[in-house]
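Here's the structure we're looking at; comments come further down.
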Amino acid sequence: MKTFIRATMAFVLFSLASLTAQADTYSDAIETFKNAGASATFFDKSVGYAVFPTIGKGGIGIGGAFGEGKVYREGAVIGTSDMTQVTIGFQLGGQAFSQIIFFENENSLVNFIAGNFEFSADASAVAITAAASAGANTGGGASTGLSGGKNNADTDSLGGYRKGMAIFTIAKGGLMYQATLGGQKYSYTAL
């Protein structure tokens, strides 16, 4: 049984690695979010944002996610960020998604870049309907959706700032069911 679990985890991680290898560039990801309904309006009303073109996520019982991003202030890159997540609970599969975090004011940006930032378990993201999606929540939970590709991405109008941040995701591929606990953690390195 242990051999089966290890082989399955290796397959999931290999699949995520291949999805990450096909990652969009930062400019592609930003352009997609700029053309995606409600998320587009946040570029003009935020002091900055962090964009992660591809976050890979996978698991069987115990899972994880990783993605590399850049942090922008008023349209200029000010640093890099890594996102990691370890999850425990019922979960199976793998997926890749793009994520953007908008900062409403200077205080929320400073909180994010101060060092090791972590979203609480109840933080959530607005899932932009583009491709198959399973779960769009920084703190766990289960949700599903299905639509067209990223070129016709759209958001609903429910997105808004919560504690100075607004988070949007676009599913890029894969399918994952999860009912997990745990938050996304972000490190920051200034340029």
Side-chain angles (χ1 to χ4, degrees), residues 13 16-36 38-59 63-87 94-120 123-128 130-131 133 135-140 150 153 155 159 161-174 176 182-191:
L13 293 175
L16 288 174
S18 66
L19 286 171
T20 303
Q22 301 170 11
D24 291 340
T25 64
Y26 289 93
S27 59
D28 289 343
I30 291 168
E31 193 63 29
T32 300
F33 284 109
K34 282 185 176 180
N35 293 317
S39 65
T41 64
F42 284 80
F43 285 93
D44 292 332
K45 60 182 183 177
S46 65
V47 299
Y49 53 90
V51 65
F52 299 83
T54 300
I55 295 175
K57 183 175 190 175
F66 178 78
E68 296 177 340
K70 291 184 180 177
V71 180
Y72 296 76
R73 175 186 277 135
E74 298 175 5
V77 177
I78 61 168
T80 61
S81 180
D82 289 340
M83 189 288 298
T84 58
Q85 182 180 28
V86 175
T87 53
Q95 72 176 159
F97 57 95
S98 296
Q99 180 174 345
I100 193 164
I101 304 165
F102 291 99
F103 307 107
E104 182 178 26
N105 51 44
E106 190 66 26
N107 189 44
S108 59
L109 175 60
V110 168
N111 285 339
F112 184 85
I113 66 174
N116 292 320
F117 179 84
E118 181 177 356
F119 281 116
S120 63
S124 61
V126 174
I128 297 176
S133 165
N137 185 321
T138 61
K150 72 175 185 174
T155 58
Y161 290 109
R162 183 164 181 243
K163 297 182 180 178
M165 296 182 196
I167 311 152
F168 295 88
T169 63
I170 297 176
K172 296 176 69 169
M176 184 166 189
Q184 295 180 344
K185 296 180 182 181
Y186 299 83
S187 63
Y188 174 76
T189 304
L191 292 181

Stepwise ring-ring contact (aromatic ring centres under 6.0 Å, His included) test for F112 and Y186: CA-CA 8 Å; F112 184 85; Y186 299 83; 5.2 Å; yes
Which is it for S108 and N111 under the side-chain hydrogen bond (donor to acceptor under 3.5 Å, both in side chains) test, yes or no, and what are the steps along the way? CA-CA 5 Å; S108 59; N111 285 339; over 6 Å; no
Show, in sequence, the C-alpha distance, side-chain angles and deciding distance for Q184 and F52, and conclude whether the side chain to side chain contact (heavy atoms under 4.5 Å, CB included) test is met. CA-CA 13 Å; Q184 295 180 344; F52 299 83; over 6 Å; no
Can you list the steps and then say if Q99 with I167 is a side chain to side chain contact (heavy atoms under 4.5 Å, CB included)? CA-CA 7 Å; Q99 180 174 345; I167 311 152; 3.5 Å; yes
When you look at V110 and F103, which way does the side chain to side chain contact (heavy atoms under 4.5 Å, CB included) test go after all the steps? CA-CA 9 Å; V110 168; F103 307 107; over 6 Å; no
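Here the closest heavy-atom approach between residue A65 and residue I55 is recorded as CB-CG2, 4.2 Å. When every heavy atom of S98 is checked against every heavy atom of K172, the shortest pair comes out as OG-CD, 3.3 Å. Closest non-hydrogen pair, V47 versus E104, comes out as CG1-O, 4.0 Å. The two residues I113 and Y188 make their nearest non-hydrogen contact at O-CD2, 3.3 Å. Between A96 and T54, the shortest heavy-atom distance links the atoms CB-CG2, 4.2 Å.
Remark: the backbone N or O of F97 is not paired with any side-chain donor or acceptor of K57 at under 3.5 angstrom. In this structure a side-chain-to-backbone donor-acceptor pair under 3.5 Å is present from S81 to S187.
From I78, atom CD1 reaches atom CG of L191 across 8.0 Å, with rounding to the nearest 0.5 Å. Expressed to the nearest 0.5 Å, how far CG of D82 lies from CD of E68 amounts to 5.0 Å. If you take CD on E74 and OG on S46, they are separated by 9.5 Å, rounding to the nearest 0.5 Å. Note that OG1 of T84 is 8.5 Å distant from CD of E118, once rounded to the nearest 0.5 Å.
Side chains of Y72 and I30 form a contact here, defined as non-hydrogen atoms less than 4.5 Å apart.
Here the two rings, on Y49 and F33, have centers that are 6.0 Å apart or farther.
Ring pair F102/F43 is perpendicular by interplanar angle, where above 60° counts as perpendicular and below 30° as parallel. Between F42 and Y161, the ring-plane angle classifies as perpendicular under the 30° and 60° cut-offs.
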